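Everything below concerns the one structure shown next.
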Amino acid sequence: MEKYNPSIIEKKWQEIWDKLNLNKAVDFDEKPKYYCLEMFPYPSGKIHMGHVRNYTIGDVIARFKRYTGYNVLHPIGFDAFGLPAENAAINAKIHPAKWTYANMDYMLSQLQKLGFSYDKDRIIATCDPKYYKWEQKIFIEMFKRGMAYRKESEVNFCPHCQTVLANEQVEDGKCWRCDSEVVKKTIFSWYFKITDYADELLEDIKLLEQGWPSRVLSQQINWIGKSEGAFIKFKFEKSDEYLEVFTTRPDTLFGVTFVSISPKHPKVKEIVKDKNILDYVEKMIVDLDIKKDYDKEKDGIYSGINLVNPANGEIVPLYIANFVLMEYGTGVVMGVPAHDQRDFEFATKFNIPKKIVIYREDLSKDVTTWKSSFVDSGFLVNSGEFNGLQNELAKEKIVEHLASKNLARKAYQYKLRDWNVSRQRYWGAPIPIIYCPNCGVVTESIENLPVELPENIEITGFGGSPLAKVESFVNTTCPICGAKAKRETDTFDTFVESSWYFLRYCSPDYDKDIFDKQKVKYWMDVDQYIGGIEHAVMHLLYARYFTKVLRDLGYVESSEPFKRLLTQGMVIKDGAKMSKSKGNVVDPDDIVNTYGADTARLFILFAAPVDKDLEWSDEGIEGSFRFLNRLYRLIANYAFKVKDVPLQGTLTPRIKELLYEINSCVQKVTNDIENYHFNTAIAKLMEFVNFLYSFNPEEDELGYFRQALEKLTILISPFVPHLACELWEMLGHSEIVFSQSWPKVELEYATKDTVKIAITINGKLRDTVETTKDADQKEVEKLALNSEKVKKHLEGKEIKKYVYVKNKILNIIV
RNA sequence: GCCGGGGUGGCGGAAUUGGUAGACGCAAGGGACUUAAAAUCCCUUGGGAGUUUCUCCCGUGUGGGUUCGAUUCCCACCCUCGGCACCA
């Protein structure tokens, strides 16, 4: 007998699949469509186990859906812009484009070897000008609608490398490349006004509750960070001007004993004249910029200025305090030390009085004995006409009262900030903006798109934006007046590309617009999206945002791109994420070379539920390989004997049992695949194989045995497609297994005639009895009382009652 | 601190609406085959105890509760992983 040889089988079938063009997604096909999408990879060089897991999950779903009558779109592409390509250029003197395309070629060959069923006519690379041309168009439309804008803001900057650094490139306050201190710098950047969509992004989470993991949704809710509160005006003691604060606790307004303002607030320089104070403010700003959050102690200084509490007219001091964020609210905060922990700490340090305004019986009335602030609910005290009110109620009342005097207004604030999309890098999509001395900031005209990246470029990693040094790129003419003008040299954050690639897959070659609206209408929404949990906020929020923007620009109809989301767990080894530094990396190439793609796929699905972390095990993969060998031998043993044998003979108990096992397997595997419980689906298939091994069919049972082997082959084919094709062929079929339809449960065989019923006494298992299905209680009681074991436990006891659950259990209470 | 997961054998993990805890796999032990090994096949395998072809007790992080019956539901607590973190 031939041995199972995955390297030969897999190559053979991959070629056949390509020839048959099996995985083609047909635009506007009559079958119902199904869009199955996995997050596309960054072309880092080679795929890792996380990719294998991600794409195997998607492939099983895509193949299963094709079996069950769907027209499936299952595409792949590359998130091809990004910093590693520039690092390669610096370190290895390879052009980023060359590096990226070489990596994509290699990774595509790896994906091919793993047998993933992608539609190969839809591969996209975001660094292709044919792709980013349309991204530039989207930007231009956004800019024209005021959805994109330019502003000056604070960023991380390395003074040595002369470049902006992303947050993740700052390590312990130092530049990751040259180790110099990173400073905050205020520069101009481009922003997307995602905050305009904050409310909708939050509201529409309701639409995703059925299909998305709750932890992703809760992370997004957290990130958007909507708070209900009020703006309240505090008048200066000595002028008629106001400072406005944002608070979520207007109910504590009578407890204000100071107000604090951010050192970075522009008002500070206006209103404080004392040089010593201003020097101290400067020192605080420097500290804020270099220190890590966790070692920032509360610090501040009295500004010399007082304000008036609008609720009771009390004069309160204004402090300049380092814990007040300039980026949130108004940059000014009312200080209520008794009912806010930060204010409590600050007031304790600076000997500012604390005043109780929310009270509960179990509290001490002497605030000086308090170890921390009281932030729970209670009723109001020391609050004038509001005394005695429940504090939640008082929030409304106090705001209403002040609003009538134009001193307060109800408001919402969000943690979400506008999205900074400017990167001072080469390997990204150029932002299609031109600075004209006459016309100002203008967009490139649509006809001139794409604004292409210049190819001849030197990337050193030093001296600021690489594009700024390419004169042929920078110098251009104004599309409006024709004057000499300069191009924007920033490129887009790569999250911009990944915010709409799933739309481009619907018509990847369309050259008249961003995409073909009709095709997008046919294919969207993505029915199942699969990817890593690390994208819970950034990518998934940006993609949701872009979909809404494109809807408002008239390009798409839906508001949410991804109906269902599956977040797979990490692949770990020795308890830690695989990483070069830990030396616990398992290379998919090695696994495929040693065991084949089918074994890799099977193990990665079998070893853990999809959403949990998966502990890699060298012994485990051996086990999966053994199983496939066992399966191969089973079918190779019988293929010749069962070929073309018809179903025949009477339904003997043995045949009935065989049919029951077949149907129970069909039912369990189908159900489990539908629910993405691949590990238990595979376990069931293993059980079925074990059963078939022990069955040893007689001559006249071979017809039914053939049927068992055939259904087994179909059921396992989404997991191990190459082997399944081979087995199907061995069983004598000339057409490919994937042309079959998915087995249906034959209800008449799906249940057994007899059932085992557990007999428990006071909830403890004492025996099991076998009886006919749906037997009535009396009958089971009789059987139970006949059992020796049960008799023994009932000796000298009085039966009080029976609890009977049909086909399951009889509990005897004594 | 806040939010969200998760605690089941030596290990990865199974257990419909509360109804026989430990499926399946790994590891381990024993046996068959073999000159031998590999491969393969078969058996055992949660812990403890005993009168050991059988029987009993304990057992799903801990302590309570609801129930005829709890891994599953409720309350309190412990541990652990992930995210956010001075957001007023």
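A quick note: this is a predicted structure, and the numbers were derived from the prediction, not measured. Protein chains get the first letters and strands the later ones, always in sequence-line order, with residue 1 at the start of each.
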B:A88 C1' sits how many Å from A:Leu253 CG, rounded?
13 Å
Side chain of A:Glu619, heavy atoms from C-beta onward: which of B:C26, B:C68, B:C24 has the nearest atom to it?
B:C26
Could you tell me if the side chain of A:Val324 sits less than 4.5 Å from the side chain of A:Val332, heavy atoms only?
no
Determine whether more than 12 heavy atoms belonging to other residues, nucleotides or ligands lie under 6.0 Å from atom CD of A:Glu770.
yes
Would you measure the distance from the P atom in B:G6 across to the matching atom in B:U16 and give it in whole Å?
15 Å
Considering just the side-chain nitrogens and oxygens of A:Tyr802, establish if one lies under 4.0 Å of OP1 or OP2 belonging to B:C68.
no
With a 4.0 Å cut-off on heavy atoms, is A:Gly623 in touch with a base, just the backbone sugar-phosphate, or nothing at all?
sugar-phosphate
CD of A:Glu622 versus P of B:G25: gap in Å, rounded?
16 Å
Nucleotides 41-46 of chain B: which of its N/O atoms have a protein N/O under 3.5 Å away?
{"unit_1": "B:C41", "atom_1": "OP1", "unit_2": "A:Arg630", "atom_2": "NH1", "d": "2.5"}
{"unit_1": "B:C41", "atom_1": "OP1", "unit_2": "A:Arg633", "atom_2": "NH2", "d": "3.4"}

Pick base, sugar-phosphate or nothing for A:Val324, based on heavy-atom distances below 4.0 Å to the nucleic acid.
base
Hey, which sits more toward the 5' end of RNA chain B by its nearest nucleotide, A:Met334 or A:Trp223?
A:Trp223
OG1 of A:Thr56 to CZ of A:Arg53: how many Å apart, nearest 0.5 Å?
10.0 Å
Taking the six-membered ring of A:Tyr242, is NZ or CZ of A:Lys233 closer than 6.0 Å to its centre and within 45° of its axis?
yes
Salt-bridge test for A:Glu327 and A:Lys415: reply yes if a basic N is under 4.0 Å from a carboxylate O, no otherwise.
no
Please map the stems of RNA chain B, keeping only stretches of three or more Watson-Crick or G-U wobble pairs with both distances under 3.5 angstrom.
B:1-7 with B:78-84, B:10-12 with B:24-26, B:28-32 with B:40-44, B:46-50 with B:54-58, B:61-65 with B:73-77
Side-chain donor or acceptor of A:Lys808 paired with backbone N/O of A:Ile757 under 3.5 Å:
no
Across all chains, not counting sequence neighbours, the salt bridge (Lys or Arg N to Asp or Glu O under 4.0 Å) partners of A:Asp672 are A:Lys668
Rounded to whole Å, the CE-P distance (A:Met570 to B:G82) equals 7 Å
Here's one to test your reading of the geometry: is the NZ or CZ of A:Arg630 within 45 degrees of the ring axis of A:Tyr693 and under 6.0 Å from its centre?
yes
For a quick check, with a 4.0 angstrom heavy-atom cut-off, what is the B/S/- contact string for nucleotides 3-20 of chain B, read 5' to 3'?
SS-------BSS--B-BB
Side-chain (A:Asn322) to main-chain (A:Leu288) donor-acceptor, under 3.5 angstrom:
no
Salt bridge (Lys or Arg N to Asp or Glu O under 4.0 Å) with A:Lys226: which residues, sequence neighbours excluded?
A:Asp199
Between A:Ile320 (CD1) and B:C86 (P), how many Å, whole number?
21 Å
Is A:Leu253 close to A:Val256 at the side-chain level, that is, under 4.5 Å between some pair of heavy atoms?
yes
With ring-ring contact (aromatic ring centres under 6.0 Å, His included) as the test, would you mind laying out the steps for A:Tyr302 and A:Phe258 before giving the verdict?
CA-CA 10 Å; A:Tyr302 174 51; A:Phe258 66 100; over 10 Å; no
List the protein contact pattern of nucleotides 48-67 of chain B with one symbol per nucleotide (5' to 3'): B for base contact, S for sugar-phosphate-only contact, - for none; contact means a heavy-atom distance under 4.0 Å.
-------SSSS---------
Sugar-phosphate, base or nothing in reach of A:Ser227, heavy atoms under 4.0 Å
sugar-phosphate
Examine the base of B:C86 for any acceptor or donor lying under 3.5 Å from a partner atom in the side chain of A:Lys298, and report the outcome as yes or no.
yes
Using modelled atom types and a 3.5 Å cut-off, is there a donor and acceptor pairing between side-chain atoms of A:Thr330 and backbone atoms of A:Glu244?
yes
Specify the separation, in whole Å, of atom CZ of A:Phe688 and atom P of B:G25.
15 Å
Any idea how A:His535 and A:His539 line up, ring-wise: parallel (<30°), tilted (30 to 60°), or perpendicular (>60°)?
perpendicular
